[in-house]
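Data first, discussion second: the structure below is written as structure tokens.
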Amino acid sequence: MNAATPDVARLVAFFESLTPDGMGQLASLYDSGARFVDPFNDVQGLAAIKGIFRHMFVALDEPRFVVTGQVVQGAQCFLLWDFHFRFKRFDTHTVQTIRGTSHLVFSEAGLVTLHRDYWDAAQELYEKLPLIGGLMRWLKKRANS
């Protein structure tokens with residue numbers, strides 16, 4: 001690997017096989033000052049990023065990522081993914097899927113310095129929740145009429 005070609009295949013393998021015990025690998029993939037942003041979080045540093053992933057395993061059953069595409073250009077890449085999980089408190093039997101993308105920026109050393117996830121929290125999450133889901137679907141219908 002050189003600075004112009006980050007090891008995206010290794011990063012994809014990490015995400016697709018992510019477990020609570022695999023968090024130690026994060027330091028070999030992310031810069032110590034990396035920033036992570038998604039619809040609910042904006043954190044900086046390895047400890048904070050590990051905390052986001054650890055919370056995912058506490059809050060959800062069987063969370064897993066499937067990377068469905070990638071575009072790499074220089075020191076940046078976009079990963080398209082499906083995130084599969086089951087809720088622990090609501091519909092605990094149905095496997096849920098959130099579709100999204102991650103924009104990753106790499107350092108000269110090939111480590112992730114920015115990881116920004118894009119996904120529609122309203123459609124992909126809120127509409128699936130009891131009570132609020134009905135409200136979100138109603139609002140969506142009203143906005144589109």
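As the structure is a prediction and not an experimental result, all values here were calculated from the model.
- When all heavy atoms of N41 and D38 are compared, the pair lying nearest together is N-OD1, 2.6 Å.
- Across every non-hydrogen atom of F78 and H103, the tightest pair is CE2-CB, 3.4 Å.
- For H55, there are no side-chain hydrogen bond (donor to acceptor under 3.5 Å, both in side chains) partners, not counting sequence neighbours.
- Note on ring orientation: taking the six-membered ring where Trp is involved, the planes of H115 and Y30 are parallel (angle under 30°, cut-offs 30° and 60°).
- When all heavy atoms are compared, the tightest approach of W81 to I98 is CZ3-O, 3.6 Å.
- Under a hydrophobic clustering in which Ile, Leu, Val, Met, Phe, Trp and Tyr are joined whenever their side-chain heavy atoms come within less than 4.5 Å, directly or via other members, L114 and L11 fall into different clusters.
- D117 contributes atom CG, which lies 8.0 Å from atom OG1 of T101 (distance to the nearest 0.5 angstrom).
- Using a 4.5 Å cut-off between side-chain heavy atoms of Ile, Leu, Val, Met, Phe, Trp and Tyr, with links allowed through other members, L80 and F36 fall into different hydrophobic clusters.
- Residues V71 and Q76 have side chains not in contact (no heavy-atom distance under 4.5 Å, counting atoms from C-beta outward).
- Qualifying salt bridge (Lys or Arg N to Asp or Glu O under 4.0 Å) partners for R86, counting only residues two or more places apart in sequence or in other chains: E62.
- Both L26 and M56 are members of a single hydrophobic cluster when ILVMFWY side chains are connected at heavy-atom separations under 4.5 Å.
- Counting only heavy atoms from C-beta outward, the side chains of L79 and V8 approach each other to under 4.5 Å.
- Side chain of Q70 to backbone of C77: no donor-acceptor contact under 3.5 angstrom is found.
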Practice item. With side chain to side chain contact (heavy atoms under 4.5 Å, CB included) as the test, would you mind laying out the steps for R35 and D42 before giving the verdict? Key: CA-CA 7 Å; R35 182 176 176 207; D42 187 344; 2.7 Å; yes
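- Partners of T19 by side-chain contact (heavy atoms from CB on, under 4.5 Å), not counting sequence neighbours, listed by chain and number: D21.
- The CZ atom of R64 sits 15.5 Å away from the CZ atom of F15 when rounded to the nearest 0.5 Å.
- Across all non-hydrogen atoms, the minimal contact from T113 to S107 is CG2-CB, 3.6 Å.
- W119 CH2 to D82 CG: the interatomic distance, rounded to the nearest 0.5 Å, is 13.5 Å.
- Hydrophobic cluster membership differs between F83 and V58, with clusters built from Ile, Leu, Val, Met, Phe, Trp and Tyr side chains linked at under 4.5 angstrom.
- No continuous path of ILVMFWY side-chain contacts below 4.5 Å connects V72 to V105, so the two sit in separate hydrophobic clusters.
- Atom CZ in F57 sits 10.5 Å away from atom CZ in R54 (nearest 0.5 Å).
- The heavy-atom pair separating P63 from F85 by the smallest distance is CA-CB, 4.0 Å.
- Side chains of R99 and T68: a donor-acceptor N/O pair is absent below 3.5 angstrom, by distance only.
- When all heavy atoms of K88 and A59 are compared, the pair lying nearest together is CG-O, 3.6 Å.
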